[in-house]
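Naming: A, B, ... by sequence-line order, numbering from 1 per chain.
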There are 2 protein chains.
Amino acid sequence: MAKEPEDTIASRISRVLADRIVRGELSAGLRLRQDHIAEEFGASHVPVREAFRRLEAQGLAISEPRRGVRVASFDLKEVREVAEMRAALEVLALRHAAKHLTPAILDAAEEATREGDAAADVHAWEDANRRFHTLILAPCNMNRLLASIDDLHAASARFLFSAWRSGWEKRTDHDHRAILLALRQGRADEAASILERHVQWIGRAPKSTQKGAAGAEAFAIVG
Amino acid sequence: MAKEPEDTIASRISRVLADRIVRGELSAGLRLRQDHIAEEFGASHVPVREAFRRLEAQGLAISEPRRGVRVASFDLKEVREVAEMRAALEVLALRHAAKHLTPAILDAAEEATREGDAAADVHAWEDANRRFHTLILAPCNMNRLLASIDDLHAASARFLFSAWRSGWEKRTDHDHRAILLALRQGRADEAASILERHVQWIGRAPKSTQKGAAGAEAFAIVG
DNA sequence: CTCAAGAAAATTATAGATAATTTTTATTGT
DNA sequence: ACAATAAAAATTATCTATAATTTTCTTGAG
């Protein structure tokens with residue numbers, strides 16, 4: 001059969017831990033004890049430490065010498081920072097990707113949007129959302145840029161999952177559709193400017209719910 | 001006396017190796033053998049591996065499972081990618097920093113510009129250049145953004161040092177001065193747009209030298 | 001003389017062990 | 001009861017050792 005995509009234990013551990021942090025299974029500030037994690041994965045602590053360095057670079061954990069590693073905390077200010085970085089970088093990526101977008105790619109992105117609209121829970125929505133963004137940006141063919149955007153997506157998703165307490169309510173993503181329409185019509189600049197606005201909504205505008213009761217705790221979570 | 005700023009061996013190794021890669025002492029594609037590096041630093045290979053993970057995240061090294069780590073290679077396409085990312089992110093940083101800039105900071109940035117103009121070699125110039133950018137951007141107070149910009153600066157500097165074969169020739173940085181003037185006069189938007197253009201010159205336009213002999217090998221190296 | 005097999009050396013990835021440090025718990029004096 | 005302090009436990013950072021893999025070297029067939 002095919003080789004496992006990950007050869008080293010360290011990369012597997014870092015991927016699993018990153019996923020747990022993003023999904024909120026490991027909450028902010030929690031101490032990550034290398035021996036315990038090593039035991040859980042049936043490994044020694046050496047690969048665990050390597051995984052830690054990776055999480056650190058992704059901004060998902062912070063490490064203090066001799067005091068160990070903990071899950072990175074984040075506040076609204078940081079969420080906005082990530083949103084603005086995403087806006088800046090995704091616009092750049094889209095500008096370069098635009099000329100390489102094919103109808104097939106745009107169809108796939110439209111399908112991802114539909115899946116997002118139909119998503120039954122926040123995780124399914126996030127998955128479809130990420131797929132949409134990746135589909136229209138990947139053709140820019142700039143690996144470093146795409147890697148940075150990926151890390152920022154993870155940070156966004158982390159906020160999304162942590163902020164989402166109540167049930168999931170389906171809705172239609174008009175921004176995604178507007179972006180696709182503009183791209184189909186060759187209006188790349190307009191697509192980019194919608195994307196820029198779209199991404200910046202994260203953690204920015206208070207969301208007006210039907211009850212209006214959520215108050216200051218509710219934020220627009222899109223992107 | 002004061003504690004060393006770096007407590008762990010791993011971070012010291014990663015800093016030294018990063019510096020060597022950026023300065024071109026370790027050339028692209030070179031294999032980094034953990035035991036040799038460990039021996040040089042009088043350490044075991046465990047902290048060396050942790051340093052590797054950090055260099056990987058910074059884009060200065062690439063690692064293939066079981067095949068070791070080598071110094072990352074880079075081509076002109078990647079240099080442009082980095083320049084465009086820098087442009088996007090530095091503009092964002094400057095927009096936020098602008099309102100916090102004091103005359104004292106701008107004076108220090110002007111001094112850095114003067115030092116750059118007077119620099120006797122490319123390393124001194126790069127040092128002053130980086131100081132200029134850091135001075136005017138740091139007040140944005142967005143740590144994640146600043147960390148990303150730092151990594152991109154390192155990549156730019158690496159290209160600068162590698163491309164610079166001939167002797168250093170002094171010149172006056174008009175862009176830096178124009179940015180400072182705009183900032184002093186409260187025209188943040190104009191400062192940002194000059195900065196955007198300024199940074200993108202890296203690796204972009206062929207540089208016209210007095211001899212005209214350098215040809216396709218010469219690129220504008222500023223920023 | 002070139003090229004491919006196979007042996008030898010080097011190298012990676014991981015485990016297990018240890019000293020130093022930090023955190024937790026227990027203890028004592030007020 | 002409470003704070004300060006001392007003893008105990010846990011944890012980190014690092015080193016040394018080892019199995020598995022890759023690279024290099026050697027050698028023999030065509």
Within the 3.5 Å criterion, strictly below it, is a donor on B/H96 or A/E84 matched to an acceptor on the partner's side chain?
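A/E84 and B/H96 do have a side-chain donor-acceptor pair below 3.5 Å.
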Donor + acceptor pair across side chains of A/S63, A/R53 (<3.5 Å)
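Side-chain D/A pair, A/S63 to A/R53: present.
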Between A/P47 and A/R66, which has a closest nucleotide on DNA chain C that is more 5'?
A/P47
For DNA chain D, the residues among residues 27-45 of chain A that have a non-hydrogen atom under 4.0 Å from it
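Here the set is A/R31, A/L32, A/R33, A/Q34, A/D35, A/H36, A/H45.
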Show me the pairs that pass salt bridge (Lys or Arg N to Asp or Glu O under 4.0 Å) and involve residues 149-158 of chain A, at least two apart or across chains.
none
Provide the closest heavy-atom pair for B/W125 versus B/L160 in the form atom of the first, atom of the second, distance.
CZ3-CD2, 3.6 Å
Tell me whether the centres of the aromatic rings in A/H133 and A/H176 are closer together than 6.0 Å.
yes
Take the protein atom CD of A/E64 and the nucleotide atom P of C/dT23, then report the distance between them rounded to whole Å.
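Result: 9 Å.
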